[in-house]
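This report concerns only the one structure given below.
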Amino acid sequence: MPVRFTDSEFVSALTCVNCGRQYQPGDTSSMTCLTCGPVDGILDFEYDLDAVAQSWQRTPLHTRPVGSHWRYREFLPSAQNRVPLDWAVGWTPLIAADRLASEFGLKSLVFKDEGRNPTASFKDRASSVGVVHALAHDARVVACASTGNAATSLAGHAALAGLPCIIFVPESAPRPKVAQMLVYGATVLSVQGTYDDAWQLCQSACEEFGWYNRNCAVNPVLVEGKATGGLEIAEQTQTRFGQTPDWVVVSVGDGCTIAGICKGLSRMHCLGISDRLPRVLGVQARGVEPIKYAYEHGSLPTSPHGSTVADSINVPVPRNWKKAVTGVRECNGQFNAVSDDQILNAIQLAGKHGVFSEPAAAASLAGLLQAVDDSIIRPGESVLVLSTGSGLKDTEAAMKAAANATLIPVEPDIEKVRQALHDMTKSDARMNK
Ligand SMILES: *Cc1c(COP(=O)(O)O)cnc(C)c1O
């Protein structure tokens, strides 16, 4: 369906990431560049930062209600005159892991736990903006293709807004995510193929049937929702620690999350909210690392393949690699890749410090540890690790991650409890010898 981007007085242009052609917000009703087409011609929002600065002077951030990302309304298309939906999206907590920081010789290590979002992943930032935008354009149906969380999140927001929602997921999506979509009442098409097949099919279906397309890579509005993650990191760390961390670590699939984070961080630096621009480390799963490859070689690898326990970043053909690569370059960042074993270990490690992560969310911690090993992140530096989704999203992986922890069967009798604890202490002592 044709979509206008005129809602925000702060938007200065939409720019094609491929050819640089600029559109005035009222100029185009196409979601993608008319010259480069729907595959390469992904558009990107640009803002009049002076106008935003004036608005923030009139109503400073610290005077605005906390609790959701709508406080950054200047940067959220369609947020101007619409009452946002009721859910408290964003404003997720920072969780300091001081013991972990000293174990790895870091000055500080903080998690930002995106699992606390309404549908338990970072994707709510994008879906909330997408659905508000869809409502503003009288969309009748919203649709997306997803490895799981984007769909779950869209399904939830559509339920809230009373909009029909159609989802395309690969057959392999974890059951808890599928259960969530079904309970929210979405129509779920389980595509017999890969995420890429699901993605293509959804694109065609949106064109064919005129549905609102929530796919982040194509619909530039969605990345603006994701950018609030970066805005928040900058504001929250500045308020709490008096400075922005040296590094922000983010897991990478399609590349929209990291692109949004980089955007948000750099806007806050331009607007003088943060004292500096942090470096951004993008973490991919070993074997599915096309964006890392593109960062190093300038284009995607020619034979996409791969598999990982981290379904949310299992994206062999990423659509938004250019935004991701550009963003990380601007933040003077890096990419690395981690194995499934590293990811499973990181789930357990994050858990022991109070953060329950699904595999793709724990990949960022795994990537941090790898970067410390490789001396990319150095002793004494401060790091923020984005945990993008809750561990409840994939309980099978969580059980694998906890494989070394034992479940102790006990009869309902206090003496048996005493005995079990005694045995446990003895076996711990044996193991520690
Ligand atoms: C989607 C997702 C990512 C990666 O985001 P991209 O925009 O695909 O790079 C990471 N972690 C989780 C939990 C996700 O759902």
Side-chain angles (χ1 to χ4, degrees), residues 42 92 111-117 119-127 130 144-156 169-170 173-174 176-177 180-181 195-196 198-199 214-220 222-227 229-230 249-264 280-285 288-292 294-295 308-325 327-328 335 337-338 343 346-347 350 355-367 385-394 397-398:
I42 293 171
T92 52
F111 289 97
K112 185 163 171 67
D113 188 0
E114 293 292 318
R116 310 290 189 92
N117 274 298
T119 76
S121 87
F122 185 86
K123 298 294 194 290
D124 285 336
R125 294 180 183 274
S127 294
C144 81
S146 163
T147 58
N149 283 334
T152 298
S153 167
L154 182 66
V169 279
K177 298 184 184 181
Q180 242 183 324
M181 299 165 207
Y195 168 60
D196 196 48
W199 201 92
R214 183 238 177 261
N215 288 341
C216 273
V218 175
N219 183 342
L222 279 300
V223 177
E224 296 313 299
K226 291 192 164 187
V249 186
V250 184
S251 56
V252 179
D254 245 328
C256 304
T257 300
I258 197 163
I261 295 287
C262 291
K263 253 186 175 200
V280 174
L281 175 69
V283 183
Q284 296 220 271
V288 197
E289 43 194 282
I291 299 191
K292 174 176 182 286
Y295 189 73
T308 165
V309 65
D311 66 292
S312 297
I313 52 170
N314 190 0
V315 185
V317 190
R319 307 289 162 170
N320 213 354
W321 67 272
K322 277 188 188 144
K323 275 188 196 176
V325 164
V328 171
F335 282 92
V338 290
I343 291 172
I347 290 179
V355 180
F356 190 22
S357 308
E358 70 163 274
S364 52
L365 176 60
V385 169
L386 194 71
S387 176
T388 39
S390 162
L392 291 173
K393 292 280 191 174
D394 189 345

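No experiment lies behind these values; they were computed from the predicted model shown. All ligand and atom numbering here is 1-based and tracks the order in the structure.
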Exercise for the section: Decide yes or no for Pro359 and Ile347: does some side-chain heavy atom of the first lie under 4.5 Å from some side-chain heavy atom of the second? Expected result: yes
Problem - Exam field: side chain Ser312 to backbone Ala360, donor-acceptor pair closer than 3.5 Å - result: no
Handout entry: 4.5 Å side-chain heavy-atom contact, Val315 and Gln284
Key = no
Fill in the blank from the handout: Separation between NZ (Lys177) and NZ (Lys393), nearest 0.5 Å, reads 6.5 Å
Practice task
Output yes when a side-chain donor or acceptor of Asn215 lies under 3.5 Å from a complementary backbone atom of Ala145, and no otherwise.
Solution key: yes
Problem - All side chain to side chain contact (heavy atoms under 4.5 Å, CB included) counterparts of Ala346, not counting sequence neighbours - result: Ala362, Leu365, Ala366
List of N/O pairs, ligand 1 versus protein, all under 3.5 Å?
unit_1, atom_1, unit_2, atom_2, d
ligand 1, 5 (O), Thr257, OG1, 2.8
ligand 1, 7 (O), Lys226, NZ, 3.2
ligand 1, 7 (O), Cys256, N, 3.1
ligand 1, 7 (O), Thr257, N, 2.9
ligand 1, 7 (O), Thr257, OG1, 3.0
ligand 1, 8 (O), Asp254, N, 2.8
ligand 1, 9 (O), Gly253, N, 2.8
ligand 1, 9 (O), Asp254, N, 3.2
ligand 1, 9 (O), Gly255, N, 2.8
ligand 1, 11 (N), Thr388, OG1, 2.7
ligand 1, 15 (O), Lys123, NZ, 2.7
ligand 1, 15 (O), Asn149, ND2, 2.8

